[in-house]
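Keep in mind that the numbers below use all heavy atoms, side chains included, and drop hydrogens, waters and symmetry copies. Since we're looking at a predicted model, the values are computed, not measured. Numbered from 1 within each chain, the chains take letters A, B, ... in sequence-line order.
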Amino acid sequence: MIGFDLIIPVSLLGGALCVDFRTSLRLMLSQPICGGLLTGIILGEPFNGLLAGTLIQIMFLGNLFVRGTKTLDLPIAGVVSAALFVLVDLNLAGDVSVAAMTMIWALFFGLSAGWFGYFLYRILFFKLSGAAEFVVKKAMAGKLWYLSLLHISMVVFHFLYGFVVLLAILPVGYKVILYFVSTSWRLTGSVDILYIFLPFIGVGSLLRMQILKSQGFWFISGVLLSAVILVFM
Amino acid sequence: MNIIWRLFLLQNLRNERLNDGLGFFFALLPGFKKLSKGNGRMEDYVRRYLNYYNSNPIFSSCIIGAVQSMEEKKESGKDIDVEWIRSARDTLSSVMAARGDYFFEVVLLPLTLTIASIFTIYGVYFGPVIFLLFYNYYHFKFRVGGYYKGLSFGDNVEDLILGPYLKISKFMTAAVAFVAGIFTSIVFIRGYMFGGFQVAGWGVLLVAGVIWLRRKYSLRVSVIVGFFATVLFIIIRQVR
């Protein structure tokens, strides 16, 4: 069992990162690479947290966050992945032989939580129109405090959403992952194997970006320079 | 100061009907309250500004500053048409949306995140710190600095902001491509060193698959499919 002394601080972090992501505060602490590191720091394993957060980040390198409407809920995905990986790894006392399998499950739970957030906020985007119309009517009648109250209360909502999702998913994900890593058939290997294979997805997402079409020279230059340094030095 | 913290909550209540209209009005509310004190013009401000608004949240600070400045000038007796202020806001929001989204979302984020990811691949802790410093330098420069520029220069803010922006933007577009090239090279060479042509060949297939999927579906779907395909490939390799 994992104690609430570990889950609560991580859930509070998740809530805070949701505020950063959804309110346009945009300090970018909510990016999985930062969220993963922060989660790791809270749980006492900064590098493991960073490893999990970075894997999520790398897969979504070509993601365009144009006002955040159609993107996966990456802050939650990063924190869930990092927290589950670190917690299970602590339970297994750093057993490297199942680290890859633990990470795959942690990423799976992270991505699932991200999908949930995406759907929830898509629904909210349409449902909040009613509340907005109500607030506009009240403002026309001179009652501006409705507008201020609703606007500020959304900060609390974003925070609570992140907090509750993490509070719900961490205990479940932790048990599921522990169950699968203790079964007779296990995928063996360290996290390094995922750092070999998953970045290919990031390359695919980056190459699909439109701006690279007009910057072929610089792209090829980067490829060649890096290849020369890695192969000959 | 009462307006500055509100600039950071612009997208709090995004919705289909007004988009960020509530956030825009909420940011300017202290200014409007001050201007309408004693003359009861708040209803005019509500009619003019509590409506649809959609622009880049960071560059929006310039627009908020510009609108506040124009309204203050009008209130102090200058002959400025209210409809002209509103149309200036709409024009600025379109321009700033295109420029701001391109600069922050298409160029700056992929550039800084790719650099940070490369650092982490090689086990260097401070990748996220570099990312945060680099990104937030421009973030605060345009968010807080942009607001004051808008306040000082009114509707001319567009030229003042976009002048320096265009110079950086051109350089950074090339930098994104260069860093993407470095990242691609690193990923393929590491793949080849790990498992020879089998892994590098799988990488080519996966990259092509993600690009193909991305043409038809969102990045979410492409990444999830790529993730499961990769896990399957790793399992098959182990079983064999």
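The shortest heavy-atom contact between A/Gln215 and B/Ala174 is OE1-CA, 3.6 Å. Between A/His151 and B/Leu9, the closest heavy-atom pair is NE2-O, 2.9 Å. Minimum heavy-atom separation, A/Trp115 to B/Ile224: NE1-CD1, 3.1 Å. Of all heavy-atom pairs between B/Pro128 and A/Leu50, the closest is CG-CD1, 3.6 Å. Across B/Ser185 and A/Ala227, no two heavy atoms sit closer than the pair OG-N, 3.3 Å. The shortest heavy-atom contact between B/Val106 and A/Met209 is O-CE, 3.3 Å.
The 12-atom threshold is not exceeded at CZ of B/Phe171, counting heavy atoms of other residues, nucleotides or ligands nearer than 6.0 Å. No more than 12 heavy atoms of other residues, nucleotides or ligands shown are found within 6.0 angstrom of OH on B/Tyr217.
Ranked by heavy-atom pairs shorter than 4.5 Å toward chain A, the options B/Leu13, B/Ile235, B/Ile121 are led by B/Leu13. The candidate from B/Met193, B/Lys33, B/Arg215, B/Arg143 with the greatest count of non-hydrogen atom pairs under 4.5 Å with chain A is B/Arg143. Among A/Ala132, A/Gly216, A/Gly202, the residue making the largest number of heavy-atom pairs under 4.5 Å with chain B is A/Ala132. Top candidate by heavy-atom pairs under 4.5 Å with chain B, chosen from A/Ile193, A/Leu128, A/Ile196, is A/Ile196. The candidate from B/Gly209, B/Ala229, B/Gly226, B/Gly100 with the greatest count of non-hydrogen atom pairs under 4.5 Å with chain A is B/Gly226. Across B/Val129, B/Thr114, B/Leu18, the residue that shares the most heavy-atom pairs under 4.5 angstrom with chain A is B/Thr114. Ranked by heavy-atom pairs shorter than 4.5 Å toward chain B, the options A/Ile104, A/Leu194, A/Leu224 are led by A/Ile104. The most heavy-atom pairs under 4.5 Å with chain B, out of A/Ile152, A/Leu225, A/Leu51, come from A/Ile152. Among A/Gly142, A/Pro46, A/Gly62, the residue with the largest count of heavy-atom pairs under 4.5 Å with chain B is A/Pro46. Ranked by heavy-atom pairs under 4.5 Å with chain B, the list A/Ile220, A/Leu150, A/Val135 is led by A/Leu150.
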message: Does A/Phe200 form a side-chain contact (heavy atoms from CB on, under 4.5 Å) with B/Val199? I'd like the steps, not just the answer.
response: CA-CA 10 Å; A/Phe200 287 121; B/Val199 171; 4.3 Å; yes
task: Given side-chain contact (heavy atoms from CB on, under 4.5 Å), test B/Val223 with A/Leu72 step by step and report yes or no.
output: CA-CA 11 Å; B/Val223 169; A/Leu72 207 77; over 6 Å; no
- request: Apply side-chain contact (heavy atoms from CB on, under 4.5 Å) to the pair A/Phe219 and B/Thr184, showing each step before the final yes or no.
  value: CA-CA 9 Å; A/Phe219 178 77; B/Thr184 305; 3.6 Å; yes
- prompt: Checking side-chain contact (heavy atoms from CB on, under 4.5 Å) for the pair B/Phe140/A/Leu27: CA distance, chi angles, key distance, verdict?
  reply: CA-CA 9 Å; B/Phe140 280 98; A/Leu27 301 175; 3.6 Å; yes
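Side-chain contact between A/Leu111 and B/Phe228 is absent, with no heavy atoms from C-beta onward closer than 4.5 Å. Contact of the A/Val203 side chain with the B/Phe183 side chain is registered, since non-hydrogen atoms from C-beta on lie closer than 4.5 Å. Looking only at side-chain heavy atoms (C-beta outward), B/Val46 and A/Leu144 come within less than 4.5 Å of each other. Inter-residue side-chain proximity for B/Arg14 and A/Arg22 is flagged as unmet; no heavy-atom pair is nearer than 4.5 Å. Two residues are said to be in side-chain contact when any heavy atoms from C-beta on lie closer than 4.5 Å; A/Tyr195 and B/Thr120 meet this criterion. Between A/Leu55 and B/Phe227 there is no side-chain heavy-atom pair separated by less than 4.5 Å.
In this structure, no portion of A/Ile229 lies under 4.5 Å from any heavy atom of chain B. There is no contact between B/Leu213 and chain A, counting heavy-atom distances below 4.5 Å. If you measure heavy-atom distances from A/Leu206 to chain B, the contacts under 4.5 Å come from the side chain alone. Contacts between A/Val19 and chain B at a heavy-atom distance below 4.5 Å are absent for every atom of the residue. Proximity to chain A (any heavy atom under 4.5 Å) is restricted, for B/Phe194, to the side chain, taken from C-beta onward. When heavy atoms are compared at a cutoff of 4.5 Å, B/Ile211 approaches chain A by way of both its backbone and its side chain. With a 4.5 angstrom heavy-atom cutoff, A/Phe157 does not touch chain B via any of its atoms. Contacts of A/Leu37 with chain B are made by side-chain atoms alone, with heavy-atom separations under 4.5 Å and no backbone atom involved. Within the 4.5 angstrom heavy-atom criterion, only side-chain atoms of B/Tyr135, from C-beta onward, approach chain A. The part of B/Leu109 that comes within reach of chain A is its side chain, from C-beta onward, which places non-hydrogen atoms under 4.5 angstrom from that chain. For a residue to count as touching a neighbouring chain, one of its non-hydrogen atoms must lie under 4.5 Å from one of that chain's; by this rule B/Leu10 touches chain A with backbone and side chain alike. Contact annotation for B/Trp202: only side-chain heavy atoms (C-beta onward) come within less than 4.5 Å of a heavy atom of chain A. Of the atoms belonging to A/Met59, heavy atoms from both backbone and side chain fall under 4.5 Å from chain B. With a 4.5 angstrom heavy-atom cutoff, B/Phe233 touches chain A only via side-chain atoms.
A donor-acceptor pair under 3.5 Å is formed between the side chain of B/His139 and the backbone N or O of A/Arg26. A donor-acceptor pair is defined here as one N or O able to donate and one able to accept, closer than 3.5 Å; no such pair exists between the side chain of B/Thr230 and the backbone of A/Phe197. In terms of modelled atom types and a separation under 3.5 Å, the side chain of B/Ser117 and the main chain of A/Ile58 share no donor-acceptor contact.
Atoms CZ and CG, on A/Phe126 and B/Asn15 in that order, are 10.5 Å from each other to the nearest 0.5 Å. Between the CZ atom in B/Phe26 and the CE atom in A/Met154 there is a gap of 13.0 Å [rounded to 0.5 Å]. To the nearest 0.5 Å, atom CG of residue B/Leu133 and atom CE of residue A/Met28 are 14.5 Å apart. Taking CD of B/Glu16 as the start and NZ of A/Lys127 as the end, the distance is 11.0 Å to the nearest 0.5 Å. A distance of 12.0 Å separates CG of A/Leu25 from CH2 of B/Trp5, quoted to the nearest 0.5 Å. Rounded to the nearest 0.5 Å, atoms CG (B/Leu219) and OG (A/Ser205) are 5.5 Å apart.
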